[in-house]
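Here is the structure we will look at.
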Amino acid sequence: LWLGLVLLLMTILLAACGSGQPADTDEQAGENNSETEAAEKQKLIVGTEAAFAPFEFLDKGEIVGFDIDLLAAVMEEAGFEHEVRNLGWDPLFVAVQNGEVDLAISGITITDDRLESYDFTRPYYESTHMILVPEGSDIKSATDLVGKKVGVQNGTTGQFAVEKILGENHPDILKYESSAVAIMALKNGDVEAVVTDNAVVNEYLKNNPNDNFVGLEDPENFESEFYGIMFPKGSELTEIFNEALTTVIENGTYAEIYEKWFGTTPDVETLLN
Ligand code: ARG
């Protein structure tokens, strides 16, 4: 009996040690962290919705993008290991709330509504909306969307911006599960315009010149908004990541990542004020 108990205890101890080890990733291989330092790091699970280039998207099955690089820099600064999971947009919010993931990065706009249920870091990106239409469309501004079928990603600020113009629950607003699918609907002619985040429109135009789409800005109807990294309400990680993000913005790492993805210099002053 005693032998049995001792063996059982040893098994439990071994299992406990094993689960404490961070998984070996390829990314880690290139860095010269000492073995012990790597072993002490806690691993966090990050949720995203990877159909939102250039912020997060799949490249040969791998999740890449501006957010993903920024996340890695902030994780490194804060001293955590991490794993990114592609969950989908609506499930992402549920997963953060029920603790299935520790945090989320996904081009998520900090809104008053979301602040009631989630915590956010300081802003890391300033965004606004743009309208994507086929060349030759008679839609020239946001107010021209009245009477047109407009595609949006469900539950995004793009949807809310169109609702301001057409009205809530308007049947002409077609809600898709991702911005990429909404743009597919525009290609298919199911909708006459798509409203989504400006950088996503510009990235699409750059990568798909043969679609003959154009992007319309409308600063009079589309406000500026800011992305933040999202946590469950009351998470003690928020302040840690807020500080790490601030450091990454201040020490130039942010600008490097920004230039890699956007080809221009970021307005760091606006972010830090
Ligand atoms: N910024 C918008 C919002 O927060 C859209 C974000 C969509 N992000 C994504 N990964 N699909 O509502």
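Just so you know, ligand 1 is whichever comes first in the structure, and atom 1 is the first atom listed for that ligand.
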[X] vs [Y] side-chain heavy atoms within contact, under 4.5 Å:
X	Y	value
Phe80	Phe241	yes
Lys41	His82	no
Ile108	Phe93	yes

Handout entry: Aromatic plane relationship, His129 with Phe222 - under 30° parallel, 30 to 60° tilted, over 60° perpendicular
Key =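 Ring orientation of Phe222 relative to His129: perpendicular.
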
Practice task
Describe, in one word, how the ring planes of Phe120 and Tyr118 are oriented to each other, choosing from parallel (under 30°), tilted (30 to 60°) and perpendicular (over 60°).
Solution key: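 Because their plane-to-plane angle is over 60°, the rings of Phe120 and Tyr118 count as perpendicular.
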
Practice task
List in chain and number order the residues that pass side-chain contact (heavy atoms from CB on, under 4.5 Å) with Glu256, two or more places apart in sequence or in another chain; answer none if no residue qualifies.
Solution key: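 For Glu256 there are no side-chain contact (heavy atoms from CB on, under 4.5 Å) partners, ignoring immediate neighbours.
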
Measure the distance from [atom] to every protein heavy atom, then report the residue, atom name and distance (to 0.1 Å) of the closest one.
atom	value
atom 6 (C) of ligand 1	Gly107 O, 3.2 Å
atom 10 (N) of ligand 1	Ser106 OG, 2.8 Å
atom 12 (O) of ligand 1	Thr157 N, 2.8 Å
atom 11 (N) of ligand 1	Glu49 OE1, 2.4 Å

Exercise for the section: Nearest 0.5 Å please: distance from the CD atom of Gln159 over to the CG atom of Leu174. Expected result: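 CG of Leu174 is found 11.0 Å from CD of Gln159.
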
Please identify which atoms of ligand 1 are closer than 4.0 Å to at least one heavy atom of [X].
X	answer
Tyr227	1 (N)
Ile108	4 (O)
Gln153	7 (C), 11 (N)
Glu56	10 (N)
Thr156	5 (C), 12 (O)
Phe52	5 (C), 6 (C), 7 (C), 8 (N), 9 (C), 10 (N), 11 (N)

Exercise for the section: Ignoring hydrogens and angles, tell me if any N or O in the side chain of Ser117 forms a donor-acceptor pair with the backbone of Arg114 under 3.5 Å. Expected result: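 No, Ser117 side chain to Arg114 backbone: no donor-acceptor pair under 3.5 Å.
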
Handout entry: Under 3.5 Å: donor-acceptor pair, side chain of Asn98, backbone of Glu100
Key =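 Checked: pair present.
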
Handout entry: 4.0 Å heavy-atom contact, Phe55 with ligand 1
Key =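 Under 4.0 Å: no for Phe55.
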
Practice task
For atom 4 (O) of ligand 1, state which one of Met230, Arg114, Glu225 supplies the nearest heavy atom.
Solution key: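 When every heavy atom of Met230, Arg114, Glu225 is considered, Arg114 comes closest to atom 4 (O) of ligand 1.
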
Handout entry: Side chain, backbone, both or neither: Thr109 near ligand 1, heavy atoms under 4.0 Å
Key =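 Contact part for Thr109 vs ligand 1: both backbone and side chain.
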
